[in-house]
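Quick caveat, the model's predicted, so the values are computed rather than measured.
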Amino acid sequence: MGDVLRIIDRFKITGHGVICTVKISKGANVRMGDLLSDLRGNRFEVSGIEMFRRKIPEGKTFEDMPLGLMLKQIDGVDPFGNILVKNLKEINFIFCNHPLYQRKVDEDYEDEYQEAGLHHSCTLFSYEDMESGKLSLFGEEISGLTIYRGWMMKPEMYSDFYKLLEQKGIYLINTPEEYERYHTLPGWHDDFAEETAQSVWETEGNIENILLKAKQLNGPYIVKDYVKSRKHEWYDACFIKNISDIANTTRVIRNFVERQGDSLVGGIVLRKFMDLHQIGFHERSGMPISEEYRIFVYAGKILIMDNYWTEKEDVRLSDVEISWIECIAKKVRSNFVTIDIARKDDGELMIMEFGDGQVSGLQQIEAKDFYQSFEQEERISAKEFFTDGTAILIGDPMPDKSVEQMQLDIASISSTQELVDVYVQVHNKFWYIEDALYDYEEESEEYIRVKEIVEAWGEMMDLIDKKIMIAAKEEGLLAERQPNSGTVKQLESFMKKYGYKDGGGWWIKLE
């Protein structure tokens, strides 16, 4: 499977489809009528091709130039992630081999290797050789789209690894730029500053540099590098109770830097220590253990999640909280990452860390469950993700209706049926445009414009929601609200009386 297309940019042309600027793998062939899939299994037909007519830069080849593809949506959705392939089922995995036995997987990845091998081609490489810039592959020959599962690499090593594999027709799921963006804190911090702890950093691993920044701070902090802390040496090389205490701050930072040694990645980071919902203390280090979750995000959607510290406990996240995580996932600019989420003392969730999904541990997730989640992505087309009766809203339900016009409609309501009809229109309109908001880069002009529209329709929905809940309650058809369930379930009987049913988040007419 050598045909891998990376999406560089995308935009829509009304009535035609999605236009994607793509970089194709060497030797790949794309023709009119070809069927492509994104990483979620959604299908697209190539309905137009254009090679951008411009001078090829010095040092580049014809194959290096981007290609413009017009894509017809087969499953009614835009591409998820930034990769398109012809055969999604042929995704490969590459693991570190055992340092003493070339053709045996590293013992820490034996379970993963066995599970991945049930449905995927897997090969091994020598991590030790790669540290010196040499790529040594062992076992099954592979080509095409590949996911690495193994030990963390510094960004420079990953870049070498990526380029050497690319020369052999093996394309890692995340580019070096994507790897560094989520493997290192400065890469992702500013995009999610409102959802994570306040942080400052320096770039050279210099203690004096970070102490200068520490003078502007107050309260408790933790020290780490761009990637890792020494949290299991909590009081000696991680936690700073009061950063204004210069002597102790210097001691902890110096311990951290000296103990990291050559393993220090990037520079030194100070992150505000947040009051989290504690569930205990680590028995050896004394480090407080909090309610945390690890979420693997694949092509902009949640792949699998689990508790970080506790075994045999269900994930205790509400529907609203999962929706919040899904919104975070949509903003991710990489195909495969992890998000570590923690609950603060006030009950709100926050982002603790991002990581590249290829080098993130499974924590409490079973290897079988992890690799089955990839299988589900590959075999299920978009419409099959949903239960019977689920509606897929492909277009804006009221593209020409303004907020002002809807206000007039609400003011003229004279019956319960009219109230229900207007409620359905507003409900579907709001959630459609709210979801579309994440198609735009945050703080761009288009994002700001759409956000203003979303907020205006949100106020409209709040108004009509109150009216519909009162009407349902007066008729004795408002059900009790269930834990982790929204208002849709409360209104099912009432809405059925007036000709509507739940279509998986959208209200649709009964047949």
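- When atom types are taken as modelled, the side chain of R181 and the backbone of D356 share no donor-acceptor pair closer than 3.5 angstrom.
- Between the side chain of D75 and the backbone N or O of R43 there is at least one donor-acceptor pair closer than 3.5 Å.
- Taking the six-membered ring where the residue is Trp, F93 and H120 present perpendicular rings, their angle passing 60° and hence far from 30°.
- Of the possible donor and acceptor atoms, one in the side chain of N174 sits under 3.5 Å from a partner among the backbone N and O of F336.
- Classification of R333 and D191 as a salt-bridged pair holds, one side-chain N sitting under 4.0 Å from a carboxylate O.
- The aromatic rings of F374 and Y371 lie tilted to each other, with the angle between the two planes from 30° to 60°.
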Item checked: Chi angles and distances behind the ring pair (Phe, Tyr, Trp, His ring centres under 6.0 Å) call for Y162, Y179 -> CA-CA 10 Å; Y162 181 93; Y179 178 86; over 10 Å; no
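- The backbone N or O of I351 lies less than 3.5 Å from a partner atom in the side chain of T196, making a donor-acceptor pair.
- Residues R149 and E115 are not paired through a salt bridge, judged by the lack of any N-O separation under 4.0 Å between the basic side chain and the carboxylate.
- Under a 3.5 Å cut-off, the side chain of R294 and the backbone N or O of I304 do not form any donor-acceptor pair.
- For the residue pair Y293 / E321, no side-chain donor-acceptor distance below 3.5 Å is found, with atom types taken as modelled.
- Between W507 and Y500, the distance separating the two ring centers is not shorter than 6.0 angstrom.
- Centroid-to-centroid, the aromatic rings of F354 and F192 come within less than 6.0 Å.
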